[in-house]
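Here the structure comes first, spelled out in structure tokens, and everything after it is commentary.
Just so we're on the same page: letters track the sequence lines, and every chain starts at 1.
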Amino acid sequence: MGEGDSSALRQLQSGATLVNRYAIQEVIGVGGMGSVYRARDMHFPNVTKLVAVKEMINSAPDPLVRQTIVQNFEREANLLATLNHPSIPRINDYFTIGSRSYLVLDFILGKDMEAIINDTNGFLPEEQTLGWAIELCDVLDFLHKHKPDPIIFRDMKPSNVMINQKGDIILVDFGIAKTFQTGMKGTMIGTEGYSPPEQYRGEATPIADIYALGATIHHALTRRDPRIEPPFSFAERPLRRINPAVSAELEAVINTALEYDPENRFRTAAEMKQALMGVAKKTGALARIKAATSSIGQIDTIKPLWSFKCEDEIRGTSTVLNGTLYVGSYDNNLYALNAADGKFKWKYPTNGGVVSRPAAYDGNVYFGSEDKRLYAVNGISGKEVWTYHAEGPVRSSPRIAEGHVFIGSDNAYMHAVNINTGRLVWRFEATDAVRSTPYVLNELVYVGCESGDFYAVDFRGALKWRFHAKRAITSSATSSDAALFIASLDGMLYALDPRNGWALWRFRLGKASISSPCVVDDIVIVGASDGFIYAVDAHSAKEIWRFRTEHQVNSSPVAYKDSVYCGSVDGNLYCLEYRTGRLRWKFGTEAAITGSPFVYDDIVYVGSTDHRMYALLA
Amino acid sequence: MMKFFDKLFGKKEKAIVRSQDMANTAPLTEEQIQAIVSGQSPHFDMQQLVAGCGQSVGKQRELNEDSIMALTATIAGNSGNLPFGLYLVADGMGGHQFGEIASNAAIRSVSDYIMKRFHPYLFHLKTEMMEEPFQEIMLGAVREAHKVIQREAPGSGTTLTAALVIGQQVTIAHVGDSRAYFVYPDGRLDPITRDHSLVKRLEELGHLAPEEAQNYPHRNVLYRALGQGDFLEPDIFTVAFPQPGYLMICSDGLWGVVAETDIQRSVIEAPTLQRACQNLVTAANVAGGPDNISVVLAQLIG
């Protein structure tokens, strides 16, 4: 492209004036063919009359294409000039300068629906969305009843719906214009994801607009953008499964609008409006009934098989070996309990909090303490086998592989200790405290540290590669065939190639994470301090579901059979279906759960900072 | 020679040599060298990436609207050498709408974007890890190409199936109905991409039977294409390179024309990848060659 061409594509700068009348103030939108600007109409010098100036740059080299584009532009202008409805912007002017054409429309002070969806935390309230849907039916009805020929909008989607300051909707962008050819490879008119099946074949009818309206409302209520899903897949994302707050009545109306076969949808926009009005009337009354018959009652009836009280908080995770459960407490002890009934067997006192997860191997239990020591204790008698001085508080959990215990310490080293003798074999220097638990895969040991560095070290303690996250890596790695997964306090879940440390993808969590991910069926599940448990596709980094708890999720999720178990600082242990994120049950403890559950033989063991250890049926 | 070993094995090796009788400096035997090398060598062995490609305008079209790109290299690094491959197929959308401009712009723009990111690793002494994950690089490249096409040939569009191979990982970016396959020596031919075509979607939903799909009048309608629409969401994912096996990327001029069993046989029976590609192109032309044909084949050996 020459310089002339690229300057022709440039956006207008603020201060530029078009046809001596419209003083450009700023860009308010960018489309495929040009920008939309806010401008001041200088024909009203004494008042500030704002207008929206929609620009279309015709840079097509082919004269036939150029001509079609100009015709479509003029058609939009002429169409708008004949329409008079409160939800349709009024056109004030249109003109062409060189390769650029402009429409001058009323300026709408507000936001488009897509921006509202994206800027809202959680879901939009049903009443608000319902109100918009009714107004949209109104304007579609007006367009469809246009004489002599009905007008088909053909591109209903959230970004084409503006919500003004009064909360009323205004339909924007009547500029759809693409010729449809069969035989050649082509695309359809409209926007992928929102358009019904028949529109892909080139048919556009009023009933097609009804489908797109259904798709728009579905997007608003679920926050699931249909453009990134396969077309016609709304049935795979039922409204109420994603957003249980939506009423069954509204779901039914939206489902009718989204019927695959146009015959089964509402016949007219007026008919859909009637149905929506019916929902509005009904749900007003329904809200009160719903509160009374909440289904949470059933969920709260989970009773523990047993519980055991320590003298201080349980912040770490337990492990089970040969019918004995081992768990550390902030009261400095490691406890051994009968896994079947929670009966106390013995405890081993250290001089610091035991906050990590013990490892059990070949009859012994290995665990670190904040008293800077790593302990090996006989699993049956609780007698000390050896201790190792790690020179810094141990908050990392031991990992056992190939005759070594690998453990991190706050002295900024990962230690490799001989499992039989308790002697140091080698240690690897990190740049900061190592609180992450080492992970072993294919003869490499992977560990993160508080500076954000993540290391792959071979069995002789030599660095193989290093990866750097922007903030601490406190969580531990896990892996699948696809990759190695780690979460960081920088708010990212990373997928790395375990062989060389190159990043395959990263997924943005809402906030920092110290939760260690788990992988099941190529789904990576991890908690974050924004209170969500996230499930992400291991190959594509696409979010599969997220589940909101009431507080930070520092606990690491554990998958067992078709469920995933995870604690939250809100005090609950959650059991979710791992494929859908649907809540199966939750169990409330008296204080935050920061450790991770351990599942063995259909029993979930979890400790809480309410000082108790609980055993529940999985 | 000793200097070379010192470099290779560091100071420890030197200390051992010195502690021995200096008069007795017989070179290490082959076994000794092998023992040392195998002790030192990384646990993931070095691998070789090879590729071939083929193209034909076909027998019924006058214009070639497909574009391809195959680039194979090695990233030499301190922790070993990594195979690097970039393979692209783009099939421009028909007729007067400048499909060939679109597919060409897609290939050039995507390659440019990706190679700029990898240039320091291929040609400079860069030791810091790359911060940007592969999938984000691919997404950035596709989004950039989308803009370029909208600017250079508005109204036109193209498919794009791109594979970035680093080590044993393949990261795919895909829009449209060109396809990437894994071909296994045991005869399996697994498509790893999903067509963004109306006909495929109707088939997935059960509204069209596979035999109806063959004769569906809107076979060529894509619901996602590079250059089309304001918003583009390519499919992007990372999978392990099949070993043993092949990565194949092709336009519908091949997969829509030649039976799967014939594709699979052509790939496996050919003595070289280049010959396999030629055989595939010939097979499509023998079957009538109704559309442009493009194919890229890659294999990871070792």
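- Side-chain atoms of A/Phe232 and B/Tyr223, non-hydrogen and from C-beta on, never get closer than 4.5 Å to each other.
- Heavy atoms of A/Tyr494 lying under 4.5 Å from chain B are absent altogether.
- How far CD of A/Glu114 is from CZ of B/Phe231: 7.0 Å, rounded to the nearest 0.5 Å.
- Contact between A/Arg227 and B/Glu233 at its shortest, heavy atoms only, is O-CB, 4.2 Å.
- In this structure, the salt bridge (charged side-chain N to carboxylate O under 4.0 Å, His left out) partners of B/Glu136, at least two apart in sequence or on a different chain, are A/Arg506.
- The most heavy-atom pairs under 4.5 Å with chain A, out of B/Leu82, B/Ile172, B/Ile101, B/Leu139, come from B/Leu82.
- Residues A/Asp537 and B/Phe237 form no side-chain contact, since every pair of their non-hydrogen atoms from C-beta on lies 4.5 Å or further apart.
- Of the two parts of B/Glu131, the backbone and the side chain both hold a non-hydrogen atom closer than 4.5 Å to a non-hydrogen atom of chain A.
- Annotation: the span from B/Met138 atom CE to A/Leu504 atom CG amounts to 12.0 Å, rounded to 0.5 Å.
- For the atom pair CG of B/Leu198 and CD of A/Gln199, the computed distance is 12.0 Å after rounding to the nearest 0.5 Å.
- Of the two parts of A/Asp225, only the side chain, counted from C-beta on, holds a non-hydrogen atom closer than 4.5 Å to a non-hydrogen atom of chain B.
- Of all the heavy atoms in A/Trp505 and B/Gln135, the pair that sits closest is CD1-NE2, 3.2 Å.
- With a 6.0 Å radius and a threshold of 12 heavy atoms from other residues, nucleotides or ligands, A/Glu402 has its CD atom at or below the threshold.
- Ranked by heavy-atom pairs shorter than 4.5 Å toward chain B, the options A/Pro230, A/Ser540, A/Ser159, A/Pro231 are led by A/Pro231.
- For A/Glu55, the salt bridge (charged side-chain N to carboxylate O under 4.0 Å, His left out) partners two or more places apart in sequence, or in a different chain, are A/Arg100.
- Environment of CZ in A/Arg508: sparse, with no more than 12 heavy atoms of neighbouring residues, nucleotides or ligands closer than 6.0 Å.
- Summarising the local packing, CG of A/Asp261 is surrounded by more than 12 heavy atoms from other residues, nucleotides or ligands at distances under 6.0 Å.
- Side-chain contact between A/Pro197 and B/His207 is absent, with no heavy-atom pair separated by less than 4.5 Å.
- Heavy-atom distances place both the backbone and the side chain of A/Ser233 under 4.5 Å from chain B.
- Remark: B/Ile75 CD1 to A/Trp502 CH2 distance equals 4.0 Å, nearest 0.5 Å.
- B/Leu232 contributes atom CG, which lies 12.0 Å from atom CD1 of A/Ile228 (distance to the nearest 0.5 angstrom).
- Among all heavy-atom pairs drawn from B/Gln169 and A/Asp497, the shortest one is CG-OD2, 3.0 Å.
- A distance of 11.5 Å separates CD1 in A/Ile57 from CD in B/Gln150, rounded to the nearest 0.5 Å.
- Looking at A/Glu236, the atoms closer than 4.5 Å to chain B (heavy atoms on both sides) all sit in the side chain, from C-beta outward.
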